Trainee: 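Provided herewith is a single structure, encoded as structure tokens, for subsequent inquiry.
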Amino acid sequence: MPENTYVHGYDAAKHHENLDKTDAHYFIAEDATGSRLGFAILFDDAHNQLEWRRIIVAEPGNGVGKAFMAAILAHFDAASQKTIWLDVY
């Protein structure tokens with residue numbers, strides 16, 4: 001299968017590598033007990049903008065994704081981030 005430059009599938013080693021990068025932003029959604037509900041990955045781009053690459057929740061359809069997205073957007077809004085490109089699939 002040809003490599004797709006738009007789909008970013010990462011193995012564990014690549015995630016660990018990304019965690020050391022200053023342009024990578026990893027977020028974990030948790031419930032009140034600390035159980036993980038999902039994760040999101042965003043990257044800074046060359047134009048001082050953010051590219052939202054991934055958001056995944058364990059159980060779609062119960063509002064976790066919507067609340068998670070709102071929390072991440074509020075985080076970057078508070079940091080005066082002007083542009084976030086939504087690039088999820």
Side-chain angles (χ1 to χ4, degrees):
M1 179 157 75
E3 184 173 325
N4 185 329
T5 59
Y6 298 105
V7 177
H8 308 282
Y10 301 137
D11 60 15
K14 184 65 174 176
H15 283 293
H16 286 285
E17 178 185 325
N18 286 342
L19 288 170
D20 290 332
K21 295 180 178 181
T22 58
D23 65 341
H25 307 277
Y26 276 67
F27 295 88
I28 304 293
E30 297 179 337
D31 66 13
T33 67
S35 295
R36 294 181 179 172
L37 304 175
F39 71 95
I41 307 170
L42 294 86
F43 279 87
D44 297 325
D45 74 6
H47 305 288
N48 197 30
Q49 301 170 346
L50 285 170
E51 176 190 3
W52 192 320
R53 288 196 186 167
R54 178 87 74 231
I55 183 168
I56 296 185
V57 295
E59 296 182 29
N62 61 12
V64 170
K66 182 178 180 178
F68 192 27
M69 285 185 77
I72 292 169
L73 291 171
H75 169 81
F76 285 108
D77 186 49
S80 299
Q81 181 65 43
K82 299 286 186 220
T83 304
I84 299 176
W85 293 101
L86 183 60
D87 187 21
V88 296
Y89 42 90

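For clarity, every value in this text was computed on a predicted model and none was experimentally measured. All values below come from the heavy atoms of this structure, side chains included, with hydrogens, waters and symmetry mates left out.
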Trainee: For a 4.5 angstrom cut-off between non-hydrogen side-chain atoms, does L50 reach H25?
Mentor: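 Yes; the side chains approach each other to less than 4.5 Å.
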Trainee: Could you report the tightest heavy-atom contact between F43 and A24, atom names first, then the distance?
Mentor: CE2-CB, 3.5 Å
Trainee: Please give me the minimum heavy-atom distance between D44 and T22, naming the atom from each residue.
Mentor: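 Nearest pair, atom of D44 first, then T22: OD2-O, 3.8 Å.
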Trainee: Can you confirm whether I72 sits close enough to W52 that some side-chain heavy atom of one is under 4.5 Å from a side-chain heavy atom of the other?
Mentor: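 I72 reaches W52 side chain to side chain.
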Trainee: Does the side chain of Y10 pick up a donor-acceptor pair with the side chain of R53 at under 3.5 Å?
Mentor: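 R53 and Y10 do have a side-chain donor-acceptor pair below 3.5 Å.
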Trainee: For residues E30 and L37, report the shortest heavy-atom separation together with the two atoms involved.
Mentor: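 It is C-CD1, 3.8 Å.
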Trainee: Heavy atoms only: give me the nearest I56-R54 pair and the separation to one decimal.
Mentor: CD1-CD, 3.4 Å
Trainee: Roughly how far apart are D45 CG and I84 CD1, rounded to 0.5 Å?
Mentor: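 So the gap between those two atoms works out to 11.0 Å.
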Trainee: So which heavy atom on Y26 is nearest to which on H15, and how close?
Mentor: OH-ND1, 2.8 Å
Trainee: Check for me, please, whether V64 and F27 land in the same ILVMFWY cluster - side-chain distances under 4.5 Å, paths through other members count.
Mentor: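 Shared cluster, no.
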Trainee: A quick test of your reading: do over 12 heavy atoms of other residues, nucleotides or ligands sit less than 6.0 Å from NZ of K21?
Mentor: yes
Trainee: To check you understand the geometry: which heavy-atom pair defines the closest contact between F76 and L42, and what is its length?
Mentor: CE1-CD2, 4.0 Å
Trainee: Hydrophobic cluster membership, with links at side-chain heavy-atom distances under 4.5 Å among I/L/V/M/F/W/Y: are L73 and I55 in one?
Mentor: yes
